[in-house]
Trainee: 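Quick one: the structure is below, and I'll ask about it shortly.
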Amino acid sequence: MRITVPATSANIGPGFDSVGVALSKYLTIEVLEPADSWFVQHDLGEDIPTDEENLLISTALAVKSDLSPHKLVMKSDIPLARGLGSSSSVIVAGIELANQLGGLNLSDDDKLAVATEIEGHPDNVAPAIFGNLVVASYVDDKVNSIVTDFPDCGFVAFIPNYELKTSDSRGVLPSELPYKEAVAASSIANVAIAALFSGDLKKAGKAIQSDLFHERYRQSLVKEFEAVRAVGVNNGAYATYLSGAGPTVMVLTPHHQAAKIKSDIDALGLDGESFILSVDTQGVHLD
Ligand code: HSE
């Protein structure tokens, strides 16, 4: 059995903690034979445990504590701590592992409730489960979500070579937003979502780049942001935004400009790598 989970790009401008899209980088978990104790084989670095301390196994055991141990192989091309939902993908895989090994028959909404409780917000775990574009709220321990197609466009991701921990990136946010600013920020988010749902990428892009919830506080943490946004602007991109908590910078563009945007970003010689990604429409699945 193999569990596959896509990468995710959260926030998409003003959709802070509530909007995300599944993208074409993947975590795969191959479930091998039963064993005396859990063993996760991987080449993702020495800091990632291979026993039940691994987030995959601790998540699965949090869902069902009496699962019988197995040997597993974990592979991922979702870089760690880069704003592409690497830990959410592991949490979603862990829930699916418990679902399969424990015969739990969880619905996608069940998985989302558990994943959100573990992760703390739904914007990465929801698209990792459902695929596509997901808008979700998590208030008073209750999750509500809507899934829809992302309007047809290209995604160019610039992924810096350094990590940015979500906790550090959340640390620069204010603890409060004045009422008037919150109303303005919410109106921008409403337009962004309405435009995405109606397929108007030009208006969506304008709203995405007008975020007042988080990007203005975080941009100084990602020194490449302005240069990448300038490439987007010069090439007629719809929007450039900070993916999740960063440091990945995402450019939304008409498909025909994606290759040019990637090569212009590459020509800047920044410390990082760029990729052209597409929307994953499946979310977590087995093969
Ligand atoms: N919405 C989250 C944030 C995503 O921006 O902090 C990263 O977990």
Side-chain angles (χ1 to χ4, degrees), residues 5-23 25 27 55 59 76 78-95 111-130 133-139 141 143-147 150 155 157-160 162-177 182 185-186 188-190 192-193 196 207-222 224-225 239-250 252 277 280 283:
V5 189
T8 47
S9 176
N11 298 330
I12 316 186
F16 181 66
D17 275 1
S18 62
V19 180
V21 60
L23 293 174
K25 277 185 168 289
L27 165 76
L55 180 61
T59 301
S76 182
I78 309 172
L80 302 181
R82 300 301 209 289
L84 289 168
S86 60
S87 63
S88 290
S89 67
V90 177
I91 289 169
V92 168
I95 293 167
K111 293 175 200 170
L112 179 58
V114 178
T116 303
E117 197 187 329
I118 295 170
E119 177 71 9
H121 34 85
D123 47 342
N124 288 109
V125 290
I129 292 168
F130 295 107
L133 170 66
V134 187
V135 181
S137 63
Y138 182 48
V139 178
D141 296 332
V143 189
N144 200 2
S145 68
I146 288 285
V147 186
F150 202 97
F155 288 73
F158 172 71
I159 307 179
Y162 55 89
E163 298 188 353
L164 177 54
K165 290 209 163 60
T166 296
S167 50
D168 292 340
S169 188
R170 290 180 90 85
V172 300
L173 302 176
S175 54
E176 288 177 8
L177 208 53
S186 159
I188 290 167
N190 293 341
I193 298 311
L196 284 173
I208 287 167
Q209 295 201 152
S210 304
D211 163 57
L212 294 176
F213 283 121
H214 76 114
E215 280 200 8
R216 56 186 165 150
Y217 307 106
R218 287 171 156 174
Q219 274 174 19
S220 61
L221 300 175
V222 181
E224 301 84 358
F225 186 89
T240 301
Y241 67 89
L242 200 58
S243 182
T248 291
V249 182
M250 193 69 74
L252 295 183
L277 303 176
D280 173 274

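Just the heavy atoms: all of them, side chains too, but no hydrogens, waters or symmetry mates, feed the values below. Counting starts at 1 for both ligands and their atoms, in listed order. This one's a predicted model, so the numbers in the text were calculated from it and none came from an experiment.
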Trainee: Under a 4.0 Å heavy-atom limit, does Lys165 contact ligand 1 with its side chain, its backbone, both, or neither?
Mentor: neither

Trainee: Output yes when the distance from some N or O of ligand 1 to some N or O of His214 is under 3.5 Å, and no in every other case.
Mentor: no

Trainee: I need the nearest protein heavy-atom contact for atom 6 (O) of ligand 1: residue, atom name and distance, please.
Mentor: Arg170 NH1, 2.6 Å

Trainee: Between Thr166 and ligand 1, which part of the residue brings a heavy atom under 4.0 Å of the ligand: side chain, backbone, both or neither?
Mentor: side chain

Trainee: By the definition side-chain hydrogen bond (donor to acceptor under 3.5 Å, both in side chains), identify the one residue from Asn11, Thr8, Asp17 that meets it with Asn124.
Mentor: Thr8

Trainee: Show which atoms of ligand 1 fall inside a sub-4.0 Å distance from at least one heavy-atom site of Arg218.
Mentor: 3 (C), 5 (O), 6 (O)

Trainee: In Å, rounded to the nearest 0.5 Å, how long is the span from CG of Asp211 to CD1 of Ile12?
Mentor: 12.0 Å

Trainee: Can you tell me how far the CG atom of Leu242 sits from the OG1 atom of Thr248, to the nearest 0.5 Å?
Mentor: 8.5 Å

Trainee: To the nearest 0.5 angstrom, please state how far the CG atom of Leu23 sits from the CG atom of Leu277.
Mentor: 5.5 Å

Trainee: Rounded to the nearest 0.5 Å, what's the gap from CG on Leu55 to CD1 on Ile91? Could you check?
Mentor: 5.0 Å

Trainee: Would you mind running through ligand 1 and noting each atom that sits below 4.0 Å from a heavy atom of Phe16?
Mentor: 3 (C), 5 (O), 6 (O)

Trainee: Going by the atom numbers of ligand 1, which of them fall below 4.0 Å from some non-hydrogen atom of Asn124?
Mentor: 4 (C), 7 (C), 8 (O)

Trainee: For ligand 1, which atoms have a heavy atom of Asp17 less than 4.0 angstrom away?
Mentor: 1 (N), 2 (C), 3 (C)

Trainee: Could you tell me, atom by atom, which parts of ligand 1 come under 4.0 Å of a heavy atom of Gly244?
Mentor: 5 (O)

Trainee: Only heavy atoms of Asp123, strictly under 4.0 Å: list the atoms of ligand 1 that pass.
Mentor: 1 (N), 2 (C), 4 (C)

Trainee: For Ser9 and Ser243, does a side-chain donor sit closer than 3.5 Å to a side-chain acceptor?
Mentor: yes

Trainee: Can you name the nearest heavy-atom pair linking Ile78 to Ser89, along with the distance?
Mentor: CD1-OG, 3.8 Å

Trainee: Tell me which one of Leu173, Leu212, Asp123 satisfies side chain to side chain contact (heavy atoms under 4.5 Å, CB included) with Phe16.
Mentor: Leu173

Trainee: Among all protein heavy atoms, pick the one closest to atom 8 (O) of ligand 1 and tell me residue, atom and distance.
Mentor: His121 CE1, 3.0 Å

Trainee: Please could you name the atoms of ligand 1 that Asn11 approaches to less than 4.0 Å, counting only its heavy atoms?
Mentor: 1 (N), 3 (C), 5 (O)

